[in-house]
There are 2 protein chains.
Amino acid sequence: MVYKTVIVDDHPIVISGIAGLLSDLENIKIVEKFESGIVLLDYIEDNTVDLILMDIFLPVINGVDLCKTIKQKHPKIVIIGMSSQSERSLVMQFIQNGGNGYILKNASFDEFKNCIYKAIDGEIVFSEEVKTIISQPLSEELERIPALSRRERDIALLLSQGKSTQEIADDLFLSFLTVQTHRRNILQKYKMKNVAELIAFLLKNNMLN
Amino acid sequence: MVYKTVIVDDHPIVISGIAGLLSDLENIKIVEKFESGIVLLDYIEDNTVDLILMDIFLPVINGVDLCKTIKQKHPKIVIIGMSSQSERSLVMQFIQNGGNGYILKNASFDEFKNCIYKAIDGEIVFSEEVKTIISQPLSEELERIPALSRRERDIALLLSQGKSTQEIADDLFLSFLTVQTHRRNILQKYKMKNVAELIAFLLKNNMLN
DNA sequence: TTTTTATTACCTGATATCAGGTAAAAGCAG
DNA sequence: CTGCTTTTACCTGATATCAGGTAATAAAAA
């Protein structure tokens, strides 16, 4: 079987580079190249596509939303995201929105080739550097961040569920004033302005649940 | 090379089941079986371990935290998470904390085998059902959830950064009262009690960024 | 073109949060 | 056993949020 492949990138140079790399691959046939996601959406309505390689940073519509939209209508199309630099949360978001893999553009020809074949085979794939990015926080971020105490975690969790100070006090059989103290301590510990920023911070750092 | 493997699960029956499955594999040698994460942490300080298969729902310390702790000191150990049922966010959290793969316990022998070999080979692997779980929201959740309008998204983003109504108004060159209206509309749209719950909701559903 | 949705804006009052200071009892670690 | 951290608790005042209602303009969809 030959996989009909589309490349989407707003840099023509990158398109031709990738096209060159892929031209060697037997069962990958590049049928179209686009510089915009909107045009791609039109195209896949009228044409069969098996594989899409797309830049994540696109004008108008970003890669994550584009991927989501495509997968809703065409779940069988294999979509691999690409970018020059990246960060953990972006990669995870892309995968959560249906992406089948993520490759950094500095990946070697072999990496590209392997990732593409494995993705077609139904796996979720990452290029080497992406793998290290995904499990990065272990060495840097997390060591600097102080942990929540048990009680603080309880309270933060209830805060994330929309509970007020009074409701939390009732839930945990504490005084209103005690919960207030904990709240203040948590905000000070992480130098946050208010609960909104706090919850965002805690969730992004996986410190709740 | 033979991979020294440890199984951690609080159900003895599951341990023996997995041990049985793995006993056929050539270069996988099970050196220990634990029912608790704490004991495992002690063990790996004094012994060489190459591969860990761990249940995610463990007493005392959960699998995600256990994985994080192990990877901080021993990044080279390959860790695969397992559970009977699972949800998207849990799998993503496990991977973000250094996990090399995730398998549902109902996976076939072949799936187990393939995932383990690929993980050892440096890949991040998921069993079939996990893959479907990861990219699920496309069909169910997301269609029910109304989208944020552009302006609402701007405001929600600034809220998640700890900005007050007045600061947001200044940032976006709007009236304080306008921002207040948007805030109320967003809360009503998703039936949230306050910003804390809202931010938690939006982040969990990838509706910010 | 009409209708709907989005964006902008104002007013009021009740309630909640945030920041300041203070402090005692319990639990853990050196 | 003696510090250190955690958890508990109280007081006050300034500021912010939330909920109620109302409404005009602009933009997009029907």
Side-chain angles (χ1 to χ4, degrees), chain A residues 38 41-42 60-61 65 69 143-203 207-208, chain B residues 38 41-42 45 60-61 65 69 143-202 207-208:
Chain A
I38 308 296
L41 287 173
D42 285 342
V60 192
I61 184 170
D65 290 340
T69 310
E143 290 184 49
R144 287 198 296 262
I145 301 174
L148 284 167
S149 75
R150 208 169 306 168
R151 212 42 159 177
E152 286 170 348
R153 202 190 133 283
D154 293 342
I155 288 168
L157 192 62
L158 292 170
L159 282 174
S160 77
Q161 289 163 17
K163 305 263 175 114
S164 69
T165 303
Q166 187 59 61
E167 288 172 325
I168 294 171
D170 294 344
D171 280 16
L172 301 178
F173 304 104
L174 293 174
S175 157
F176 175 89
L177 299 152
T178 301
V179 177
Q180 219 170 24
T181 304
H182 281 301
R183 289 182 65 140
R184 183 180 30 178
N185 289 340
I186 301 172
L187 288 180
Q188 275 173 358
K189 182 183 276 185
Y190 302 108
K191 297 187 186 68
M192 296 288 146
K193 294 192 200 74
N194 53 42
V195 268
E197 190 183 16
L198 177 71
I199 297 300
F201 172 83
L202 294 178
L203 283 177
M207 294 168 71
L208 289 181
Chain B
I38 309 294
L41 287 173
D42 285 343
E45 288 311 312
V60 192
I61 184 171
D65 289 341
T69 310
E143 290 184 50
R144 286 198 295 262
I145 301 174
L148 284 168
S149 76
R150 209 168 305 168
R151 212 38 160 180
E152 287 171 347
R153 202 189 133 284
D154 293 343
I155 287 167
L157 192 62
L158 291 170
L159 281 174
S160 76
Q161 290 162 16
K163 305 261 175 118
S164 69
T165 303
Q166 187 60 61
E167 287 172 326
I168 294 171
D170 294 344
D171 280 16
L172 301 178
F173 305 104
L174 293 173
S175 156
F176 175 90
L177 299 152
T178 302
V179 177
Q180 219 169 27
T181 303
H182 282 300
R183 289 182 64 142
R184 184 180 28 177
N185 290 339
I186 301 172
L187 287 180
Q188 275 172 359
K189 181 183 277 184
Y190 302 108
K191 297 186 185 68
M192 297 286 146
K193 294 192 200 77
N194 53 40
V195 269
E197 191 183 15
L198 176 71
I199 298 300
F201 172 82
L202 294 178
M207 295 170 70
L208 289 181

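All chains are named by letter (A, B, ...) in the order of the sequence lines, taking the proteins before the strands, and each is independently numbered beginning at 1.
Counting only heavy atoms from C-beta outward, the side chains of B:E152 and B:N185 approach each other to under 4.5 Å. With contacts defined as side-chain heavy-atom distances shorter than 4.5 Å, the pair B:L172/B:T178 does not qualify. With a 4.5 Å cut-off on side-chain heavy atoms, B:I145 and B:M207 count as touching. You'll find the side chain of B:L158 reaches within 4.5 Å of the side chain of B:Q161, heavy atoms only.
Contact annotation for A:Q180: base contact, defined as any heavy-atom pair under 4.0 Å involving a base atom. Note on A:R184: a base of the nucleic acid sits closer than 4.0 angstrom, heavy atoms only. Contact annotation for B:T178: base contact, defined as any heavy-atom pair under 4.0 Å involving a base atom.
To the nearest angstrom, P of D:dT17 lies 13 Å from CG of B:L158. Separating the CD1 atom of A:I155 from the P atom of C:dC18 is a distance of 13 Å, rounded to the nearest angstrom. Atom CG of B:L159 is separated from atom C1' of C:dT17 by 15 Å (rounded to the nearest Å). Atom C1' of nucleotide D:dC11 and atom CZ of A:F176 are separated by 12 Å, given to the nearest angstrom. Across the protein-nucleic acid pair, B:R150 atom CZ and C:dT5 atom C1' stand 13 Å apart, rounded to whole Å. The nearest whole Å value for the distance from the CG atom in B:L187 to the P atom in D:dT17 is 11 Å. When the C1' atom of C:dT15 is taken as reference, atom NZ of B:K193 falls 16 Å away, rounded to whole Å. Atom-to-atom, CD of B:E197 to C1' of C:dA16 comes out at 16 Å; the value is rounded to the nearest Å.
Of the side-chain N and O atoms in A:H182, none sit less than 4.0 angstrom from OP1 or OP2 of D:dT7.
Considering only the side chain of B:L177, C:dC11 comes nearest among C:dC11, D:dA9, C:dC18. In this structure, the nucleotide among D:dG20, C:dT8, C:dT17 sitting nearest to the side chain of A:R183 is C:dT17. Closest to the side chain of B:L174, out of C:dT7, C:dA19, C:dA9, is C:dA9.
When all heavy atoms of A:I155 and A:R183 are compared, the pair lying nearest together is CG2-CG, 4.4 Å.
For a distance-only test at 3.5 Å, the side chain of B:S149 fails to qualify as a donor-acceptor partner of the base of C:dA6. Between the side chain of B:T165 and the base of D:dA16 there is no donor-acceptor pair of N/O atoms closer than 3.5 Å.
Both B:S175 and A:N194 lie near DNA chain C, and the one whose nearest nucleotide falls closer to the 5' end is B:S175. A residue-by-residue look at A:Q166 and B:R151 shows that B:R151 has its nearest nucleotide of DNA chain C further toward the 5' end.
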